[in-house]
Amino acid sequence: MRQRRPGGDALSHLFDADTQVEALADHVFGATITDRWNAIGDRPNGGYLLAVCLQALRRALPMPDPFAVSAFFLRPTLPGPAEVRTESARVGRRVATGEARMLQAGQETVRVVATFTDLSTASGRTLVLADRPDLPPADECVELLGGRSLPGISIVDRFDYRMAGMPGWVQGRPTGDPRMQLWIRFKDGREPDSLSLPAIVDAVFPAVMEIGERGSSTLELTVHVRARPAPGWLSGRVTTRYVIGGYHEEDFEVWDSRGALVAQSRQLALLPAE
């Protein structure tokens with residue numbers, strides 16, 4: 001499906017079409033939130049909303065790549081018009097930091113603080129003390145959900161998910177171990193880049209579904225983008241270790257097709273009420 005920029009060229013991929021913003025005034029951008037990225041709860045996914053905010057911040061800051069990002073989800077955001085207001089906090093030689101606030105009907109729904117950089121200029125010591133997820137090739141893995149759509153969860157129609165074996169929760173037999181490894185990519189052929197990684201880390205079913213939970217709602221999401229990803233499948237490792245008082249953390253690592261770590265995230269999320 002091809003979409004168009006307002007008064008401009010065609011956009012080839014839904015992610016770019018659905019996260020685009022239009023300058024309305026200095027540091028004020030308009031956006032249209034769609035229902036094509038809905039997650040559990042039939043609401044737009046938090047990573048998708050974060051990507052809209054980052055599109056606005058990238059327009060407001062002089063560097064291209066989100067580097068360190070923290071997003072707070074204050075109240076539900078609904079499909080429809082939204083406004084993103086940005087503020088530049090500091091622009092330095094290597095990094096630039098700013099804030100974005102998403103508003104609907106005059107209420108703030110998402111607040112993001114992010115530092116941007118140019119990852120193509122990153123240099124210095126590198127030491128990686130972990131390995132990429134140990135997975136069979138993607139074409140030898142099983143497709144999560146068998147390619148089925150899920151009512152109200154349209155985000156599963158936007159991504160391909162492949163795993164070494166069907167997870168227990170899909171079969172109605174949660175394993176009790178909230179960890180998983182998988183391959184992920186956009187279904188429409190869009191290649192990953194630094195702007196899409198903060199959305200991708202929130203695009204996978206919560207690992208707590210393997211302990212019998214129905215899902216969870218993200219309250220805060222922190223993402224570190226470590227490198228621009230190479231084209232092709234991304235592999236991910238998702239882990240929850242602590243569920244306390246109805247809240248859980250979830251850690252996510254993303255590795256690209258070359259075997260390079262390209263993103264890390266941690267989020268704090270709320271389990272559904274019993």
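The basis for the numbers below is simple: all heavy atoms, side chains too, and nothing from hydrogens, waters or symmetry mates. The model shown is predicted, which means the values in this text are computed figures rather than measured ones.
Asp118 and Ser120 share a side-chain donor-acceptor pair at under 3.5 Å. For the residue pair Glu220 / Thr218, no side-chain donor-acceptor distance below 3.5 Å is found, with atom types taken as modelled. In this model, no donor atom of one side chain and acceptor atom of the other lie less than 3.5 Å apart for His224 and Ser265. Counted by atom type alone, Gln267 and Asp202 present one or more donor-acceptor pairs between their side chains at under 3.5 Å. Between the side chains of Gln171 and Trp169, no donor N or O sits under 3.5 Å from an acceptor N or O.
Under a hydrophobic-cluster definition in which Ile, Leu, Val, Met, Phe, Trp and Tyr are linked whenever side-chain heavy atoms come within less than 4.5 Å, directly or via other members, Leu270 and Val208 are assigned to different clusters. A chain of hydrophobic side-chain contacts below 4.5 Å, direct or via other Ile, Leu, Val, Met, Phe, Trp or Tyr residues, connects Ile40 to Leu50.
No more than 12 heavy atoms of other residues, nucleotides or ligands sit less than 6.0 Å from atom CZ of Arg241. Sparse packing is recorded around CG of Asp131, with 12 or fewer heavy atoms of other residues, nucleotides or ligands lying under 6.0 Å away. Remark: Phe73 CZ is packed, more than 12 non-hydrogen atoms of other residues, nucleotides or ligands lying under 6.0 Å away.
Using a distance-only test at 3.5 Å, with no hydrogens or angles considered, no donor-acceptor pair links the side chain of Gln181 to the main chain of Met163.
The pair Arg179-Asp177 meets the salt-bridge criterion, with a side-chain N (NZ, NE, NH1 or NH2) lying under 4.0 Å from an Asp/Glu carboxylate O. For the pair Glu87 and Arg85, the salt-bridge criterion is not met [side-chain N within less than 4.0 Å of a carboxylate O]. Classification of Asp65 and Arg226 as a salt-bridged pair fails, no side-chain N sitting under 4.0 Å from a carboxylate O. Ionic pairing of Arg228 and Asp193 is not present here: no N-O contact between side-chain nitrogen and carboxylate oxygen is shorter than 4.0 angstrom.
Ring planes of Trp37 and Phe159: perpendicular class, angle over 60° (limits at 30 and 60°).
Note that the CZ atom of Phe29 and the SG atom of Cys53 stand 11.5 Å from one another [nearest 0.5 Å].
Shown are Leu57, Val91, Thr115; of these, the side-chain contact (heavy atoms from CB on, under 4.5 Å) with Thr97 is made only by Thr115. Each of Thr77, Ile155, Thr19, Asn38 was checked for a side-chain contact (heavy atoms from CB on, under 4.5 Å) with Tyr48, and the lone residue meeting it is Thr19.
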